[in-house]
Amino acid sequence: MKALYADTGALSADASASNPAGVTKAGRKLSSDAVAAAILPLPPVAPGFWKALTAHYAAAGTAIAAGNMSGAVPELEAGSSAISAFSAAAGKCPGTNA
């Protein structure tokens, strides 16, 4: 999950700096990290949110890498909502470190 936070942070920074090459690179990284996270064993806490966040971030990264920013926005928003829900659920369980 730390990688996904880092990827969205890099994406935001490059977008704010009007760095299209950086945005494309960050989109590719977000997509690959989300796909890698999706093939990990499902966490015991909130697996549905985990599946949703990895799917949405993978789709967003793919859209960004292809230059489809308008297609990426709803996926980024959905991924952000899912990661918040996952983090909240994990935070309620003893012994988890989301």
Side-chain angles (χ1 to χ4, degrees):
M1 197 153 79
K2 289 179 184 178
L4 298 176
Y5 280 126
D7 295 342
T8 55
L11 179 60
S12 178
D14 284 321
S16 294
S18 298
N19 178 1
V23 168
T24 300
K25 181 179 176 182
R28 282 191 211 109
K29 180 91 168 90
L30 176 60
S31 181
S32 68
D33 285 346
V35 168
I39 62 172
L40 294 172
L42 286 175
V45 177
F49 291 130
W50 184 258
K51 288 180 184 179
L53 76 90
T54 57
H56 288 299
Y57 279 147
T62 299
I64 292 164
N68 180 7
M69 299 307 164
S70 63
V73 170
E75 295 293 348
L76 286 169
E77 291 171 346
S80 179
S81 293
I83 206 167
S84 294
F86 175 80
S87 295
K92 292 178 184 176
C93 295
T96 59
N97 188 13

Kindly list each side-chain donor-acceptor pair under 3.5 angstrom involving residues 31-45, sequence neighbours excluded, with atom names and distances?
unit_1	atom_1	unit_2	atom_2	d
Ser31	OG	Ala58	O	3.4
Ser31	OG	Thr62	OG1	3.0
Ser32	OG	Arg28	O	3.4
Ser32	OG	Lys29	O	3.1
Asp33	OD1	Lys29	NZ	3.2
Asp33	OD2	Lys29	NZ	2.9

Problem set entry | Joint cluster assignment, Tyr5 & Val23, ILVMFWY side-chain distance < 4.5 Å |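 In one cluster: yes.
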Exercise. Closest approach of Ala72 and Ile64, non-hydrogen atoms and distance?
Worked result: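 Shortest heavy-atom separation between Ala72 and Ile64 comes out as CB-CG1, 3.4 Å.
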Problem set entry | Minimal non-hydrogen separation, Thr8 against Leu30, with atom names |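 Thr8 and Leu30 have their closest heavy atoms at CG2-CD1, 4.1 Å.
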Problem set entry | Euclidean distance, Ser87 OG relative to Leu53 CG, rounded to 0.5 Å |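 Spacing of CG (Leu53) from OG (Ser87) equals 8.0 Å.
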Exercise. How many angstroms lie between atom OG1 of Thr54 and atom CE of Met1, to the nearest 0.5 angstrom?
Worked result: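 Going from the OG1 atom of Thr54 to the CE atom of Met1 covers 12.0 Å.
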Exercise. Under 4.5 Å between any side-chain heavy atoms of Asp14 and Thr24, yes or no?
Worked result: no
Exercise. Side chains of Asp7 and Tyr57: does their closest heavy-atom pair fall under 4.5 Å?
Worked result: no
For this session: Take His56 and Ser80 through the test side chain to side chain contact (heavy atoms under 4.5 Å, CB included) and record every step on the way to the result.
Result: CA-CA 9 Å; His56 288 299; Ser80 179; over 6 Å; no
For this session: Give every residue pair that meets the ring-ring contact (aromatic ring centres under 6.0 Å, His included) criterion with at least one member in residues 30-53, sequence neighbours excluded.
Result: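 Every ring-ring contact (aromatic ring centres under 6.0 Å, His included) pair that includes a residue of residues 30-53, provided the two are not neighbours, is Trp50-Phe86.
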